[in-house]
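Just so we're on the same page: letters track the sequence lines, and every chain starts at 1.
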Amino acid sequence: MSVRTRFAPSPTGYLHIGGARTALFNFLFARRHGGQYLLRIEDTDRQRSTPEAVRQIIESLDWLGLSPDEPPVFQSQREPRHAEVARELLAKGSAYLAYDTPEELAAMRAAAEAAKRPFKYDGSRWIGLDPAQAPSTPPAIRIKAPRLDERGGETVVKDLVQGEVRVGNAELDDMIILRSDGTPTYLHAVVVDDHDMAITHVIRGDDHLTNTFRQCMVYDAMGWHRPHFAHIPLIHGADGAKLSKRHGAVGALDFREQGFLPEAVCNYLLRLGWGHGDTEIISREAAIRIFDIADIGRAASRMDYAKLSHFNGVYLRATPDERLAREVLERLAKRGISFGTRGAERVEALMPELKARARDLEELAGAAIFAAQEGPPVMDQKAAAALTPEAKERLRDLAQFLTDAPWERAELEHWLRDYAEVKGLKLGAVAQPLRAALTGSLQSPPIDAVLAALGRTEAVDRILAAAEG
RNA sequence: GUCCCCAUCGUCUAGAGGCCUAGGACACCAGCCUUUCACGUUGGUAACACGGGUUCGAAUCCCGUUGGGGACGCCA
């Protein structure tokens, strides 16, 4: 049987980094085994689900290169089928109509809490009820939990990550599968959908582990084969608490915004909670080849932005200059920075040097401004301070000197070295004023590269402007 | 509170009873490279939560303790 996995987010918000990793693992596992990877939008909570969230989730997955192999399934559209299965369970005697009102249930729960007893629903009075005696309130359908003496008194789930997990039947109670308004509950809908979609491996967050026991009630009552389960540990914030906005970026699209490359984010996520010896930088292709559920760790892991940045830098340096230039120019345009064809060319020409110095696209864009724009750069404080009267004098001299220089990077380097030697100066004493004049900063790519990329006219203009200013 | 899961450097991890004087990566510190900043490179600090077993031998197996996390809805 072909492997089929699914990622099943609920569209109540943006796709966060934990969900992205779940999607990645599902994708990788399916690819590894030549199967399909699907997307199911769990939108049965109409109050909280929004089309905007659906859009964002799909866009996020697309950005990460994790688009599903088939069109997404919307759980809300499958409600008739969920109800049908619920009725089937009713007919089989595996479920019954329960007429409790939400208020009554709340009262029962409160009473249990007051008595310091764990709340366990008891619906025995509804079982075998004469329909004529039934209350007029609309009933919910509840599935019968296994009784204490069934299955050896406990329910066992063989989890591919967590191992054999067992829970006493005493912990399970009759759960609602169809609400009194006829809509299915999540725990029920998930099972029906996974079954109908022929999902073979359910890979999802750890937070669903205990719910799995309840879902098994539906599988077992319907006589369906349970899929394989793999519950992966959650991702926490740097402080170990549940990941939230205050930890920084958590939405997948936030990372795009902040200049991370999708390949880097995926690689980082892959290494969070999963390991393969000492290898860290793993391409998508390699990941598909080596990904194995058995290698998923069982402990929760923490989000480490510093390490993500490092991964991003590695990927940035491996990305073709042309693509980076395009990304950078887009970001500059978004910042309202104008540039022409010449500027765009300069940015790309300088990209090999620029990208070695950046960890993300935003940083890269910032470092490329001086190359993109025409005319003298905006001076930062340190650069301005470096332009002493002596330095300006030096620049005037250099402008003159460079008029005759051959305009090619290696040649320029020689010229500058010769110049410094003749003047009895250290190269730094020549390079730093030039750097300030040309880039507006004291930190930039090698000055010969900057000169070469800028072109003689532009370079000399900037040098003179700094000398005058 | 009840149930479930987890536990190796600050962080991500390697480790399937002897290969462990516990390895790699990020971060941090120091050196090298160098026209600045990076990149690169060399080295360093730094961990098996604790207590009992089992065993000739335990980071690895078992049991407790402690500490984290998760689930307990007519939410998903």
Show your working on salt bridge (Lys or Arg N to Asp or Glu O under 4.0 Å) between A/Glu263 and A/Arg284 and close with a plain yes or no. CA-CA 8 Å; A/Glu263 307 92 296; A/Arg284 173 68 57 96; over 6 Å; no
P-based separation of B/rA49 from B/rU60 [nearest Å]: 8 Å
Residues at least two apart in sequence or cross-chain that pass ring pair (Phe, Tyr, Trp, His ring centres under 6.0 Å) with A/Phe370, listed by chain then number, are none
Which pairs, protein N/O on one side and nucleotides 47-49 of chain B N/O on the other, fall under 3.5 Å?
none

Are A/Arg142 and A/Tyr121 in a cation-pi setup, meaning NZ or CZ lies under 6.0 angstrom from the ring centre and within 45 degrees of the ring axis? yes
Among pairs that include at least one residue of residues 440-455 of chain A, which meet salt bridge (Lys or Arg N to Asp or Glu O under 4.0 Å), considering only residues two or more places apart or in two chains? A/Arg409-A/Asp448
Protein-to-nucleotide contact annotation, 5' to 3' order, nucleotides 15-30 of chain B [B base; S sugar-phosphate only; - none; under 4.0 Å, heavy atom]: --------BBBS----
Holding to ring pair (Phe, Tyr, Trp, His ring centres under 6.0 Å), I want the full list of residues that pass it with A/Phe260, two or more places apart in sequence or in another chain. A/Phe255
With a 3.5 Å limit on both atom pairs, tell me what B/rU66 is paired to, counting Watson-Crick and G-U wobble, or say none. B/rA7
Just N and O in the side chain of A/Arg298: are any of them under 4.0 Å from OP1 or OP2 of B/rC6? yes
Is there a residue in residues 431-441 of chain A whose heavy atoms reach under 4.0 Å of RNA chain B, and which residues are they? A/Ala431, A/Gln432, A/Arg435
Output yes when A/Arg417 and A/Glu421 qualify as a salt bridge under the 4.0 Å nitrogen-oxygen rule, no when they do not. no
With a 3.5 Å distance limit and no angle check, can you tell me whether A/Asp43 reaches the backbone of A/Gln75 through a side-chain donor-acceptor pair? yes
Toward the 5' end of RNA chain B, by each residue's nearest nucleotide, A/Glu164 or A/Glu413: A/Glu164
Electrostatic pair A/Glu408-A/Arg456, nearest N-O below 4.0 angstrom: no
Identify whether any heavy atom of A/Leu272 sits under 4.0 Å from a base atom; if not, whether one sits that close to sugar-phosphate; answer base, sugar-phosphate or nothing. sugar-phosphate
Complementary nucleotide for B/rC74 - Watson-Crick or wobble, under 3.5 Å: none
May I have the distance from A/Gln443 (atom CD) to B/rC37 (atom P), rounded to whole angstrom? 7 Å
Residue mapping more 5' on RNA chain B - nearest nucleotide basis, A/Gln162 or A/Gly428: A/Gln162
Salt bridge flag under 4.0 Å for residues A/Glu458 and A/Arg462: yes
Taking donor-acceptor contacts at under 3.5 Å, does the side chain of A/Arg357 reach the base of B/rC39? no
For residues 203-216 of chain A, which residue pairs qualify under salt bridge (Lys or Arg N to Asp or Glu O under 4.0 Å), counting only residues two or more places apart or in two chains? none
State which residues pass ring pair (Phe, Tyr, Trp, His ring centres under 6.0 Å) with A/His195; sequence neighbours excluded, sorted by chain then number. A/Trp224
In whole Å, what is the span from the CG atom of A/Asp380 to the P atom of B/rC37? 14 Å
Which pairs of donor and acceptor atoms, one on a side chain in residues 78-86 of chain A, lie under 3.5 Å apart (sequence neighbours left out)?
{"unit_1": "A/Arg78", "atom_1": "NE", "unit_2": "A/Asp193", "atom_2": "OD1", "d": "2.5"}
{"unit_1": "A/Arg78", "atom_1": "NH2", "unit_2": "A/Asp193", "atom_2": "OD1", "d": "3.0"}
{"unit_1": "A/Arg78", "atom_1": "NH2", "unit_2": "A/Asp196", "atom_2": "OD2", "d": "2.7"}
{"unit_1": "A/Glu79", "atom_1": "OE1", "unit_2": "A/Arg46", "atom_2": "NH2", "d": "2.7"}
{"unit_1": "A/Glu79", "atom_1": "OE2", "unit_2": "A/Arg46", "atom_2": "NH2", "d": "3.2"}
{"unit_1": "A/Arg81", "atom_1": "NE", "unit_2": "A/Glu84", "atom_2": "OE1", "d": "3.0"}
{"unit_1": "A/Arg81", "atom_1": "NH1", "unit_2": "A/Asp196", "atom_2": "OD1", "d": "2.9"}
{"unit_1": "A/Arg81", "atom_1": "NH1", "unit_2": "A/Asp196", "atom_2": "OD2", "d": "2.9"}
{"unit_1": "A/Arg81", "atom_1": "NH2", "unit_2": "A/Glu84", "atom_2": "OE1", "d": "3.2"}
{"unit_1": "A/His82", "atom_1": "ND1", "unit_2": "A/Arg78", "atom_2": "O", "d": "3.3"}
{"unit_1": "A/His82", "atom_1": "NE2", "unit_2": "A/Asp193", "atom_2": "OD1", "d": "2.7"}
{"unit_1": "A/His82", "atom_1": "NE2", "unit_2": "A/Asp193", "atom_2": "OD2", "d": "3.3"}

A/His228: what forms a ring pair (Phe, Tyr, Trp, His ring centres under 6.0 Å) with it, not counting sequence neighbours? A/His201
Looking at B/rA46, which nucleotide sits across from it as a Watson-Crick or G-U wobble partner, both distances under 3.5 angstrom, or is there none? none
In B/S/- notation (B base, S sugar-phosphate only, - none; protein heavy atoms under 4.0 Å), nucleotides 67-76 of chain B written 5' to 3' is --SBSSSBBB
Pair listing, salt bridge (Lys or Arg N to Asp or Glu O under 4.0 Å) test, anchored in residues 171-182 of chain A, at least two apart: none
